[in-house]
Amino acid sequence: MSLEKLLKEKGYEAVIGLEIHTELQTNSKMFCGCPARVFGLEPNTAVCPICLGLPGTLPVPNQKAVEWTVKIALALNCKINEFSQFHRKNYFYPDMPKNYQISQYDYPIGVNGYLEIETSKGQKRIRIHRVHLEEDTGKLVHVGRTGRISEAEYSLIDFNRAGVPLVEIVTEADIETPEEAKVFMQTLRSVLLTLEVSDCNMEEGSLRCDANVSIRPKGSTSFGTKTEIKNLNSFRALEKGLEYEIKRQLETVLSGKKVVQETRHWDDANKRTVTLRTKEEAHDYRYFPEPDMVPMEISTQIVEKIRSELPELPFEKKKRFIREYSIKEKDAGILVSDKEMAEFFEEAARLSNNPQAVANIILSELLYHLNESDVWFSDIRITPKHISDLVNLLESGKISSKIAKEVFAEAFKTGKNPEEIVRERGLEQISDDTMLESIIYEVLNENPQAVKDFKEGKKQAIGFLVGQVMKKTQGKANPQMVNEKILEILSNN
Amino acid sequence: MSISKDEVRHVAKLARLELSEEEIEKFSNQLSQILEHAARVQELDLENLEPLTHAVDRRNVFRSDEVKECLSREEALSNAPEREGEFFKIPPIV
């Protein structure tokens with residue numbers, strides 16, 4: 001049974017909030033001049049006295065990282081706090097050399113925003129609680145039989161990532177289904193990519209997601225006990241992890257037990273969540289204002305300047321696509337979900353007088369071939385011009401839609417112009433009436449039974465005859481024309 | 001305003017300090033005295049004043065986004081109590 005049905009049947013609903021972290025692709029780290037793009041670097045080679053927390057060093061915030069955070073907050077419709085400051089978050093997990101992480105507490109850069117998402121059930125607004133700036137932590141490797149922290153003999157640290165600018169985005173608990181959570185993440189990712197502040201590579205950890213989830217009787221206004229799930233680091237993991245956890249909580253509650261408030265880890269290999277063993281009292285962070293840095297004042301002028309420089313965001317682009325190219329709303333929504341796809345579409349749509357046909361080809365044929373060959377728009381040979389040419393060939397009746405698929409596949413593979421492919425391979429639709437008629441007569445003579453069936457009133461027999469003609473012409477006939485011609489011939493005899 | 005022995009134990013644990021029973025007793029008294037002093041300060045009428053979190057009256061001290069030279073790995077690891085190859089080595093966490 002689907003999770004949705006199961007919840008409905010038992011009279012429960014899920015309440016989900018997400019906490020997303022994205023690493024900013026600035027040149028340097030948040031508080032020092034070490035490089036910020038550290039993925040793949042040799043361990044402990046992008047570190048300095050500041051990010052190693054050596055005594056006597058002073059952190060100085062990276063102006064670009066602050067501006068980019070304002071940019072993200074504005075794109076998420078947040079209010080920008082005029083006064084903002086950094087706090088120390090104290091804890092004893094050894095992923096930071098200072099025993100605290102510089103983060104933000106009661107004066108984050110952005111608050112009270114929202115992001116519109118488009119799910120299978122329509123449009124929905126997910127409120128954003130806050131957007132704040134902090135530093136990323138180092139990476140730990142646990143050495144032991146299993147590589148798990150609980151069974152480690154000792155651990156190793158690479159501090160390269162410590163101090164990389166990290167933006168935390170926290171949603172309100174407005175998300176109701178795993179699908180919504182996934183779509184939210186996808187939408188957020190496309191916003192961040194449009195802003196060009198992060199490469200959002202989930203595999204490399206530059207975009208990460210934790211989820212808070214609880215269940216409650218449908219219609220209840222209070223919240224059930226929540227669990228926090230970590231390691232939801234792909235769209236699929238986010239959806240599957242939440243599905244698993246909601247089911248687990250439902251089973252717990254239905255069997256009369258209580259959900260325990262805890263942090264759980266999504267085990268992607270075994271498709272389940274497991275309790276993450278942490279030390280008690282770990283969450284008493286004793287925040288206090290970072291005395292090594294003075295507060296920030298983000299003036300209205302700066303905010304308005306950054307706002308005026310915001311690129312067109314996916315949601316706005318969607319509205320414009322519908323307005324300018326008269327394409328279906330649903331298609332526009334999918335097209336703008338990826339920046340490269342949107343650009344590709346727009347270039348092809350501008351060259352064509354039928355943007356909807358262009359959208360159709362991109363969303364069916366092109367996406368299919370991209371998935372099949374596991375590449376994306378920046379790596380393909382077929383060009384927007386090819387798509388618009390293909391549309392023209394179809395529109396003018398030069399090729400059938402069946403042949404168009406073949407031409408597309410060839411153009412995708414070779415990067416050849418569709419017109420050239422049609423010419424070279426002789427794929428033009430048969431428009432010569434006499435030639436088509438002689439083929440039809442051939443087919444009628446070869447299939448007397450079908451002809452007889454048709455005459456006796458079995459109208460569906462004509463489908464078979466059309467199919468035979470299409471086969472004989474290797475798809476180069478226009479099926480509708482063939483249909484009409486057969487009807488004409490048979491009713492005259 | 002007083003700080004109970006349990007609170008001292010809790011704070012000591014958070015700060016990873018090992019305290020004897022005598023020390024807990026002693027610090028419970030001392031911390032209580034400090035808080036009492038703070039409580040006296042709080043009696044002042046500060047109604048129209050913003051909280052002061054920084055002694056220096058400055059705002060917006062930033063650096064530009066430029067990469068500077070890092071330490072070499074050998075330098076970075078030279079103060080580590082323990083290392084293994086390219087990494088800092090630490091005792092088990094949990």
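All values derive from a computational prediction rather than experimental measurement. So you know, we letter chains A, B, ... as the sequences are listed, proteins then strands, and number each from 1.
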Exercise. Where does B:E86 contact chain A at under 4.5 Å (heavy atoms): side chain, backbone, both or neither?
Worked result: both
For this session: Count the heavy atoms belonging to other residues, nucleotides or ligands that lie under 6.0 Å from CD of A:E309, then report whether that count exceeds 12.
Result: yes
Problem set entry | Check: B:D65 side chain, A:N62 main-chain N or O, donor-acceptor pair, under 3.5 Å | no
Exercise. So which of A:P49, A:A36, A:A46, A:A152 has the biggest tally of heavy-atom pairs under 4.5 Å with chain B?
Worked result: A:P49
Problem set entry | Interface residues of residues 75-84 of chain B facing chain A - heavy atom cut-off under 4.5 Å | B:A76, B:L77, B:E84
Problem set entry | Portion of A:V66 that has a non-hydrogen atom of chain B nearer than 4.5 angstrom | side chain
Problem set entry | Where B:L14 and A:F92 come nearest, the two heavy atoms and their spacing | O-CE1, 2.5 Å
For this session: Measure the spacing between CD of A:Q63 and CZ of B:R63 and express it to the nearest 0.5 Å.
Result: 10.5 Å
Seminar exercise, completed: Comparing A:P289, A:S155, A:C32, A:P97 against chain B, the one with the most heavy-atom pairs below 4.5 Å turns out to be A:S155
Exercise. About how many Å separate CZ of A:F159 and CG of B:L71, when rounded to the nearest 0.5 Å?
Worked result: 13.0 Å
For this session: Check the surroundings of atom CG in B:D57: do more than 12 heavy atoms from other residues, nucleotides or ligands lie under 6.0 Å from it?
Result: no
Exercise. What residue, out of A:C51, A:P94, A:P295, has the most heavy-atom pairs lying under 4.5 Å from chain B?
Worked result: A:P295
For this session: Heavy-atom distances under 4.5 Å only: say whether A:E151 touches chain B with side chain, backbone, both or neither.
Result: neither
Exercise. Any idea which of B:V61, B:V11, B:I90 has the most non-hydrogen atom pairs under 4.5 angstrom with chain A?
Worked result: B:I90
For this session: Assess whether atom CD of A:E82 is packed by more than 12 heavy atoms of other residues, nucleotides or ligands within 6.0 Å.
Result: no
Exercise. Between B:I93 and A:H142, is any pair of side-chain heavy atoms under 4.5 Å apart?
Worked result: yes
Problem set entry | Between B:H54, B:R58, B:K68, B:E66, the one whose heavy-atom pairs under 4.5 Å with chain A are most numerous | B:H54
Seminar exercise, completed: When the 4.5 angstrom heavy-atom criterion is applied to A:I50 and chain B, the contacting part is neither
Exercise. Would one find more than 12 heavy atoms of other residues, nucleotides or ligands at under 6.0 Å from atom NZ of A:K71?
Worked result: yes
For this session: Report yes if the side chains of B:F88 and A:L52 come closer than 4.5 Å at any heavy-atom pair, otherwise no.
Result: yes
Problem set entry | Nearest non-hydrogen partners of B:N60 and A:E297, listed with the distance | OD1-N, 2.6 Å
For this session: Under the ring-ring contact (aromatic ring centres under 6.0 Å, His included) rule, collect the residues that match up with A:Y107, sequence neighbours excluded.
Result: A:F83
Exercise. Hey, what do you get for CZ (B:R16) to CG (A:N99), rounding to the nearest 0.5 Å?
Worked result: 8.5 Å
Problem set entry | Side chain, backbone, both or neither of A:P291 within contact of chain B (heavy atoms, under 4.5 Å) | backbone
Problem set entry | Between B:C70, B:A15, B:G85, the one whose heavy-atom pairs under 4.5 Å with chain A are most numerous | B:C70
Problem set entry | Check: A:P43 and B:R73 side chains under 4.5 Å, non-hydrogen atoms | yes
